[in-house]
Amino acid sequence: MMVSGRKVAETADDVRYEFGFDRRFDRVLIVDKRTWQAVPEDGEFDAAAGAVASKVKQFWQERGEFPPGVVFSG
């Protein structure tokens with residue numbers, strides 16, 4: 001499984017990532033900057049959404065910023 005995501009918007013409150021399998025960016029994940037709650041726009045929090053959320057948080061913890069993109073291969 002390869003899931004990739006790319007940052008498409010960032011505000012003071014949240015960050016939005018388009019994501020999907022094999023670079024098909026057909027879903028959107030919204031990450032709340034204060035709570036770290038990650039919610040897909042379609043309401044389906046599955047393995048793909050979890051992988052993107054985990055990679056985004058890991059990058060932020062390591063570098064103190066939200067990444068322009070992430071890839072999970074598992």
Side-chain angles (χ1 to χ4, degrees):
M1 167 176 88
M2 185 176 101
V3 179
S4 54
R6 61 183 174 199
K7 183 168 62 171
V8 293
E10 183 172 358
T11 68
D13 298 324
D14 61 42
V15 184
R16 292 175 181 258
Y17 285 88
E18 290 179 336
F19 73 99
F21 293 103
D22 299 321
R23 299 194 188 273
R24 279 189 44 219
F25 302 105
D26 56 352
R27 297 177 67 198
V28 175
L29 183 73
I30 304 162
V31 180
D32 184 299
K33 290 181 172 182
R34 289 166 294 186
T35 66
W36 276 101
Q37 182 177 8
V39 179
E41 276 189 338
D42 63 9
E44 184 180 340
F45 195 89
D46 56 8
V52 171
S54 176
K55 286 290 191 175
V56 167
K57 187 171 185 178
Q58 179 183 6
F59 189 98
W60 185 86
Q61 289 173 326
E62 292 172 358
R63 301 189 184 154
E65 62 187 16
F66 288 91
V70 295
V71 175
F72 175 84
S73 182

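This is a predicted model, so every value here is computed, not measured.
Of all heavy-atom pairs spanning F45 and G50, the tightest one is CZ-CA, 3.6 Å. Between S4 and V71, the shortest heavy-atom distance links the atoms CB-CG2, 4.1 Å. Closest approach of P40 to R27, counting heavy atoms only: CB-NH2, 3.9 Å. Pairing each heavy atom of D32 with each of T35, the nearest pair is OD1-N, 3.0 Å. V52 and V3 get closest at one heavy-atom pair: CG2-CG1, 3.5 Å.
Of the inter-residue distances, the one linking E18 atom CD with D26 atom CG reads 9.5 Å to the nearest 0.5 angstrom. Separation of atoms CE (M2) and CZ (F21) is listed at 10.5 Å; rounding is to 0.5 Å.
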Inset, instruction - Please assess D22 against R24 for the test salt bridge (charged side-chain N to carboxylate O under 4.0 Å, His left out), listing each intermediate value before the final yes or no. - result: CA-CA 6 Å; D22 299 321; R24 279 189 44 219; over 6 Å; no
Inset, instruction - Given side-chain contact (heavy atoms from CB on, under 4.5 Å), test W36 with V31 step by step and report yes or no. - result: CA-CA 6 Å; W36 276 101; V31 180; 3.6 Å; yes
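Within the 4.5 Å cutoff, the side chain of V8 has no heavy atoms near those of the F19 side chain. Two residues are said to be in side-chain contact when any heavy atoms from C-beta on lie closer than 4.5 Å; V56 and F66 meet this criterion. Looking at D13 and K33, their side chains never come closer than 4.5 Å, going by heavy atoms from C-beta outward.
W60 and F72 fall within the same hydrophobic cluster, defined by Ile, Leu, Val, Met, Phe, Trp and Tyr side-chain heavy atoms under 4.5 Å apart, directly or through other members.
The side-chain contact (heavy atoms from CB on, under 4.5 Å) test with V70 is passed by exactly one of Q58, K55, R6: K55.
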